[in-house]
Amino acid sequence: MAYWLMKSEPDAFGIDDLAKRPKQTEPWNGVRNYQARNFMRDGMKKGDLAFFYHSSCAEPGIAGIVEIAHAAYPDPTARDPESPYYDPRASADNPVWVMVDVRLKKKLKHPVALKLLKSLKPLAGMQLLQRGNRLSVLPVTKKEWDIIIKLAKA
DNA sequence: GCCAACGTTGGC
DNA sequence: GCCAACGTTGGC
């Protein structure tokens, strides 16, 4: 079982939006970065857990925990000319882009702010905190995961 | 709104 | 294959 972090802008789709979805499940479409795609395609398994991270907002940080409810499968928005995520290279034979389904496990009563994560020495190696990091899907080590879970409960 | 960092594109 | 130009991300 692996751990992940997935970013979303709460103005576009936040943890509360996920909570309102049927079965509190949503296809994580629109990822258009190869590294992020590869994490989803090659790394994510059904049952893996991920932090739901709010980016580009007043209080960036971890807002909740989600479970990977479905492993990677083709992202249909890549083949929809009406979609902002449209990619003319995508076809039935070669979907190019994939998505996973995420299901809400828990919305944190007290989100773990980026500011707090940055202040903790044991988390200094976190990929999220590295300079210039822009990936929307990132791996999290079990050690990091456990530390953050404790913070969320504190 | 600014800007650093990074990925992608496209001319050569 | 190089690299400048451009677009995007995301914290502040």
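Lettering of chains follows the sequences in order, A, B, ..., and the numbering in each one begins at 1.
For residues 123-134 of chain A, no residue pair satisfies the side-chain hydrogen bond (donor to acceptor under 3.5 Å, both in side chains) rule, not counting sequence neighbours. Among pairs with a residue in residues 93-105 of chain A, those fulfilling salt bridge (charged side-chain N to carboxylate O under 4.0 Å, His left out) read A:E67-A:R103, at least two apart in sequence or across chains.
Listed in residue order, the members of residues 112-130 of chain A having a heavy atom less than 4.0 Å from DNA chain B come to none. Within residues 83-90 of chain A, no residue is approached by DNA chain B to less than 4.0 Å at the level of any non-hydrogen atom.
Applying the side-chain hydrogen bond (donor to acceptor under 3.5 Å, both in side chains) test to A:R41 and every residue at least two apart in sequence or in another chain returns A:N38. Annotation: side-chain hydrogen bond (donor to acceptor under 3.5 Å, both in side chains) contacts of A:T141 (sequence neighbours excluded): A:E144. A search for side-chain contact (heavy atoms from CB on, under 4.5 Å) contacts involving A:K46 returns nothing, not counting sequence neighbours. Residues passing the salt bridge (charged side-chain N to carboxylate O under 4.0 Å, His left out) test with A:D17: none are found, sequence neighbours excluded. In terms of the salt bridge (charged side-chain N to carboxylate O under 4.0 Å, His left out) criterion, residue partners of A:K142 (sequence neighbours excluded) are, by chain and number, A:D146.
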Residues 1-13 of chain A side chain polar contacts: donor-acceptor under 3.5 Å, at least two apart:
unit_1 : atom_1 : unit_2 : atom_2 : d
A:W4   : NE1    : A:D48  : OD2    : 3.0
A:K7   : NZ     : A:L135 : O      : 3.0
A:S8   : OG     : A:F13  : O      : 2.5

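The hydrophobic cluster containing A:V96 also includes A:Y34, A:W97, under a criterion of side-chain heavy atoms closer than 4.5 Å among ILVMFWY residues, counted directly or through chains of members.
One N or O on the side chain of A:H54 and one on the backbone of A:I15 form a donor-acceptor pair closer than 3.5 Å.
From the 5' end on, the contacts that DNA chain B makes with chain A at under 4.0 Å to a non-hydrogen atom open and close at B:dA5 to B:dT8.
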